[in-house]
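This report refers to the structure that appears directly beneath it.
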Amino acid sequence: MVDTSAVKDALRRQQIETPSWAYGNSGTRFKVFAQEGVPRTPWEKIDDAAQVHRFTGVAPIVAVHIPWDRVDDYAALAAHAEESGVRIGAVNTNVFQDDDYRLGSVTNPDPAVRRKALDHLLEAVDIMDATGSRDLKLWFSDGTNYPGQDDVRTRQDRMAEALAAVYERLGEGQRFLLEYKLFEPAFYMTDLPDWGASYAHCVKLGPKAQVVVDTGHHAPGTNIEFIVAFLLREGRLGGFDFNSRFYADDDLMVGAADPFQLFRIMYEVVRGGGYDPDSGVAFMLDQCHNIEPKIQGQIRSVMNVQEATAKALLVDGDALRAAQEAGDVLEANAVFMDAYNTDVRPLLAELREEMGLHPDPVAAYRASGYFERVRAERTAGQAAGWGA
């Protein structure tokens with residue numbers, strides 16, 4: 001029998017990072033859909049992120065993206081975040097939205113383009129110094145569209161050289177999280193296509209290089225929880241970019257497509273010690289809300305992660321191990337499924353009330369009047385977002 005008070009204690013210390021770009025206008029490669037009340041500046045993105053934390057109590061961190069969140073004074077932006085009740089988390093780099101990166105960024109055949117990309121990555125570490133951020137998030141769209149377009153091995157050498165330069169620049173208490181993606185926008189070969197490639201680069205560099213798992217960046221049917229368990233065992237899981245996908249990298253709300261998969265992942269996180277306060281594993285949402293309200297989408301996503309985590313914490317470890325050691329396949333699976341099939345919403349509502357929060361964060365946000373206020377205030381200027 002699992003002690004529910006211990007489960008609530010563990011859930012109380014949960015921290016989920018939301019992405020600044022989730023609050024801006026977004027869409028597909030075909031169309032960006034504008035919404036009312038969307039923030040126009042990084043400062044207003046912080047304000048919106050603070051609302052998610054205000055109503056959930058477990059989202060105190062906001063990831064920023066450069067150059068989308070470029071400001072003149074990053075220390076001032078960090079101070080604004082603190083005043084708003086949150087803090088700036090991972091600094092995400094962008095070496096994919098410039099014409100120069102048509103053939104790649106740090107793996108580009110042109111040394112001048114590689115230098116430009118590396119300078120941007122190093123600039124991001126400077127921003128980390130100013131904001132007090134621990135994590136640098138690195139994702140590369142680099143790859144090729146056709147066999148023979150470029151030399152695969154040489155591109156790996158270029159990647160390793162750039163990563164080594166960034167690693168050398170990291171300060172005390174800083175690290176980088178190296179992302180990977182199976183395909184897109186490079187359709188034949190991606191330079192960092194899977195966790196094995198990311199892991200190999202990280203191991204060669206040292207402990208400040210960690211792998212980040214984006215749940216939408218794998219081939220269909222990939223056992224992501226195995227990857228999570230392996231990386232935790234090796235001490236190389238730096239964090240997650242949580243989202244959902246039905247076909248490719250859909251970036252839908254976490255838990256929307258396959259909540260059972262999210263539960264399985266969170267179980268391995270708990271089992272492997274990744275949920276411990278000192279584990280260093282970062283739980284970040286990486287989603288874009290194209291047609292649903294931005295802040296409500298983030299609140300609902302946070303709640304989805306909370307529910308999956310609660311179920312993972314409710315797995316009766318003693319009963320599960322006993323069944324596993326006895327070779328009782330059906331009983332082991334039954335123990336696992338009992339936790340997943342538990343309705344944890346009453347427990348989470350009770351926990352929120354104990355934390356001084358409304359038991360229904362979405363209802364509380366809707367009743368707050370925040371959206372109506374910013375919709376009226378944010379009529380002039382250019383709404384934040386990305387073009388397509």
Side-chain angles (χ1 to χ4, degrees), residues 17 63 90-93 95-96 104-107 117-118 121 124-125 134-144 152-170 173-184 186 189-243 245 249 261-262 264-276 278-284 286:
E17 188 170 357
V91 175
N92 290 254
T93 55
V95 286
F96 54 85
S105 61
V106 297
T107 65
L118 179 58
L121 304 184
V125 184
R134 176 190 65 174
D135 295 338
L136 174 68
K137 185 77 68 64
L138 301 176
W139 175 70
F140 300 95
S141 63
D142 295 37
T144 60
V152 173
R153 179 165 177 158
T154 300
R155 292 178 73 91
Q156 286 299 307
D157 292 340
R158 297 168 187 155
M159 175 67 72
E161 181 180 358
L163 293 176
V166 176
Y167 191 92
E168 181 66 24
R169 171 62 184 84
L170 294 173
Q174 294 177 339
R175 62 182 189 169
F176 72 60
L177 307 182
L178 187 59
E179 199 169 349
Y180 56 89
K181 188 175 182 179
L182 177 65
F183 80 104
E184 193 190 38
M189 182 274 300
T190 305
D191 289 317
L192 283 176
D194 54 38
W195 70 273
S198 179
Y199 173 74
H201 280 289
C202 289
V203 167
K204 187 173 182 179
L205 289 168
K208 290 185 178 181
Q210 299 275 304
V211 180
V212 62
V213 175
D214 185 304
T215 49
H217 284 189
H218 306 82
T222 298
N223 190 319
I224 299 174
E225 56 267 33
F226 169 80
I227 300 170
V228 170
F230 184 95
L231 291 173
L232 277 169
R233 184 174 180 272
E234 298 299 316
R236 288 288 173 171
L237 181 65
F240 293 92
D241 281 1
F242 277 129
N243 51 53
R245 67 92 176 269
D249 183 21
Q261 180 193 63
L262 180 59
R264 300 194 309 265
I265 290 171
M266 290 309 302
Y267 170 75
E268 293 301 339
V269 171
V270 172
R271 168 67 181 86
Y275 194 69
D276 296 345
D278 59 349
S279 73
V281 177
F283 301 94
M284 196 196 88
D286 184 12

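Please read all numbers here as calculations on a predicted model, not as lab measurements. Worth knowing before you read on, the calculation uses all heavy atoms, side chains too, and leaves out hydrogens, waters and symmetry mates. For the single chain, residues carry numbers from 1 onward in sequence order.
For T93, there are no side-chain hydrogen bond (donor to acceptor under 3.5 Å, both in side chains) partners, not counting sequence neighbours. Partners of K137 by salt bridge (charged side-chain N to carboxylate O under 4.0 Å, His left out), not counting sequence neighbours, listed by chain and number: D241. Partners of E184 according to the salt bridge (charged side-chain N to carboxylate O under 4.0 Å, His left out) rule, which considers only residues two or more places apart in sequence or in another chain, are R29, K181. Partners of R245 according to the salt bridge (charged side-chain N to carboxylate O under 4.0 Å, His left out) rule, which considers only residues two or more places apart in sequence or in another chain, do not exist here.
Taking CG of L163 as the reference point, atom CZ of R158 lies at 14.0 Å (rounded to 0.5 Å). The distance from atom OG1 of T154 to atom CD of Q156, rounded to the nearest 0.5 Å, is 10.0 Å. Here CZ of F226 is found 5.5 Å from CH2 of W195. Values are rounded to the nearest 0.5 Å. Atom CZ in R169 sits 10.0 Å away from atom NZ in K208 (nearest 0.5 Å).
Panel note: side chain S198, backbone L178; a donor-acceptor pair is recorded below 3.5 Å. Although no hydrogens or angles enter the test, the distance criterion places no donor-acceptor pair under 3.5 Å between the side chain of D286 and the main chain of F242. No donor-acceptor distance shorter than 3.5 angstrom exists from the side chain of T222 to the backbone of I224, with no hydrogens or angles considered.
Contact check for L118 versus V166: side-chain heavy atoms found under the 4.5 Å cut-off. Side-chain contact between R175 and D135 is present, with at least one heavy-atom pair separated by less than 4.5 Å. Residues V228 and L237 are in side-chain contact: their nearest non-hydrogen atoms beyond the backbone lie under 4.5 Å apart. Within the 4.5 Å cutoff, side-chain heavy atoms of L192 are placed close to those of M159. Considering only heavy atoms from C-beta on, F240 stays 4.5 Å or farther from V212 through its side chain. Residues V213 and H218 are in side-chain contact: their nearest non-hydrogen atoms beyond the backbone lie under 4.5 Å apart.
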Exercise. Could you go through the side chain to side chain contact (heavy atoms under 4.5 Å, CB included) check for V211 and L177 one step at a time?
Key: CA-CA 5 Å; V211 180; L177 307 182; over 6 Å; no
Practice problem: Would you sort out whether Y180 and W139 count as a ring pair (Phe, Tyr, Trp, His ring centres under 6.0 Å), showing the intermediate values? | Solution: CA-CA 7 Å; Y180 56 89; W139 175 70; over 10 Å; no
Quiz item: side chain to side chain contact (heavy atoms under 4.5 Å, CB included) between V269 and F283: does it pass, once the steps are laid out?
Solution: CA-CA 11 Å; V269 171; F283 301 94; 3.7 Å; yes
Exercise. Take L121 and F176 through the side chain to side chain contact (heavy atoms under 4.5 Å, CB included) test and state the conclusion after the steps.
Key: CA-CA 11 Å; L121 304 184; F176 72 60; over 6 Å; no
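Remark: E161 CD is loosely packed, at most 12 non-hydrogen atoms of other residues, nucleotides or ligands lying under 6.0 Å away. Counting heavy atoms of neighbouring residues, nucleotides and ligands inside a 6.0 Å radius, atom CZ of R134 exceeds 12 of them.
Taking all atoms of both residues into account, the shortest heavy-atom contact from T190 to F183 is OG1-CA, 3.6 Å. Taking both residues in full, the closest heavy atoms of L205 and A164 are given as CD2-CA, 3.6 Å, listed atom of the first, atom of the second, then distance. Annotation for M284 and A63: closest pair SD-CB, 3.6 Å, computed over non-hydrogen atoms. Of all the heavy atoms in R236 and C202, the pair that sits closest is NH1-O, 3.2 Å. Closest of all the heavy-atom pairs between L232 and E268 is CD1-O, 3.4 Å. The two residues F140 and S105 make their nearest non-hydrogen contact at CD2-OG, 3.7 Å.
Sorted by first and then second residue, the salt bridge (charged side-chain N to carboxylate O under 4.0 Å, His left out) pairs involving residues 190-202 (not counting sequence neighbours) are R155-D191. Annotation: salt bridge (charged side-chain N to carboxylate O under 4.0 Å, His left out) contacts involving residues 210-225, sequence neighbours excluded, comprise E225-R264.
Taking the six-membered ring where tryptophan is involved, the planes of F230 and Y199 are perpendicular, since the angle between them exceeds 60° and thus also 30°.
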